[in-house]
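Predicted, not measured: the structure shown is a model, and the values here were computed from it.
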Amino acid sequence: MRRGYAAFESGNIPEFKSLLAEDVEWEIPREFPYGGVFRGPDAVVELLATIPSYYASQHVEITDFDAFGDELVIVRGRHYGEVKNGTAYDVGFASFFTVRDGRVVRFREYVDPGKAIALLDSMRTEQ
């Protein structure tokens, strides 16, 4: 997971993509304009490429990586920055990764609902 986050942050998309299983299922909360379930490495990379278009600045701070055996990793932290209209945000998250043979087969992200609702309201007014 650490290698995947580092690859994505540095823009090394081929390495990031190599860590995804062919049958990966990636779920972002549906409340977000870009939320939904995305299947396959190409769909995940395409999704992640569109997310920055909603933000003026975007940062991720990881506070915890917890592994439970060889198949489950939970990553906790916060997303913070500004959306395009200048509204600041700071939203906690927990991401659950299911791993098989060293590759991600399932990703689910959960966010602080109160803060996410305020952020979503500000995003709706900008469009």
Got a list of side-chain donor-acceptor pairs under 3.5 Å for residues 1-11, not counting sequence neighbours?
| unit_1 | atom_1 | unit_2 | atom_2 | d |
| --- | --- | --- | --- | --- |
| Arg3 | NE | Glu15 | OE2 | 2.9 |
| Ser10 | OG | Ala6 | O | 3.1 |
| Ser10 | OG | Ala7 | O | 3.1 |

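Distance check, rounded to the nearest 0.5 Å: NE2 of His79 to CD of Glu109 gives 4.0 Å. From Arg76, atom CZ reaches atom CD1 of Ile62 across 11.0 Å, with rounding to the nearest 0.5 Å. To the nearest 0.5 Å, the span separating OH on Tyr34 from CD on Glu46 amounts to 15.5 Å. The line from OH of Tyr55 to NZ of Lys84 is 11.0 Å long, rounded to the nearest 0.5 Å. From Ile13, atom CD1 reaches atom OG of Ser18 across 11.0 Å, with rounding to the nearest 0.5 Å. Between the CD1 atom in Ile28 and the CG atom in Leu47 there is a gap of 5.5 Å [rounded to 0.5 Å].
Checked against the 6.0 Å centroid threshold, Tyr80 and Tyr89 do not count as a close aromatic pair.
Between Arg106 and Val24, the shortest heavy-atom contact is N-CG2, 4.4 Å. When all heavy atoms of Val111 and Pro29 are compared, the closest pair comes out as CG2-CG, 4.5 Å.
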Side chain to side chain contact (heavy atoms under 4.5 Å, CB included) assessment of Val99 paired with Val105
CA-CA 6 Å; Val99 179; Val105 294; over 6 Å; no

What do the steps show when you test Phe32 against Ile51 for side chain to side chain contact (heavy atoms under 4.5 Å, CB included), and what is the final call?
CA-CA 10 Å; Phe32 285 97; Ile51 291 175; over 6 Å; no

Checking Phe97 against Ile74 for the side chain to side chain contact (heavy atoms under 4.5 Å, CB included) test, could you report, in this order, the C-alpha distance in whole Å, the side-chain angles of both residues, the deciding distance, and whether it holds?
CA-CA 6 Å; Phe97 293 88; Ile74 300 174; over 6 Å; no

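A salt bridge is defined here as a Lys NZ or Arg NE, NH1 or NH2 lying under 4.0 Å from an Asp or Glu carboxylate O, and Arg100 with Asp70 fails to meet this definition.
Linking Ile, Leu, Val, Met, Phe, Trp and Tyr whenever their side-chain heavy atoms come within less than 4.5 Å leaves Phe38 and Leu19 in two separate clusters. No path of Ile, Leu, Val, Met, Phe, Trp and Tyr side chains, each step under 4.5 Å between heavy atoms, connects Val75 with Leu72, placing them in separate hydrophobic clusters.
Checking each of Phe107, Phe68, Tyr110, Trp26 against Phe96 for a ring pair (Phe, Tyr, Trp, His ring centres under 6.0 Å) leaves exactly one that passes, namely Tyr110.
Under the 4.5 Å side-chain criterion, counting only non-hydrogen atoms from C-beta, Lys17 is in contact with Asp42. Between Arg78 and Val91, the closest side-chain pair of non-hydrogen atoms is not below 4.5 Å.
Side chains of Glu82 and His59: no donor on one and acceptor on the other come within 3.5 Å.
Among residues two or more places apart in sequence or in another chain, the salt bridge (Lys or Arg N to Asp or Glu O under 4.0 Å) test is passed with Arg39 by Glu25.
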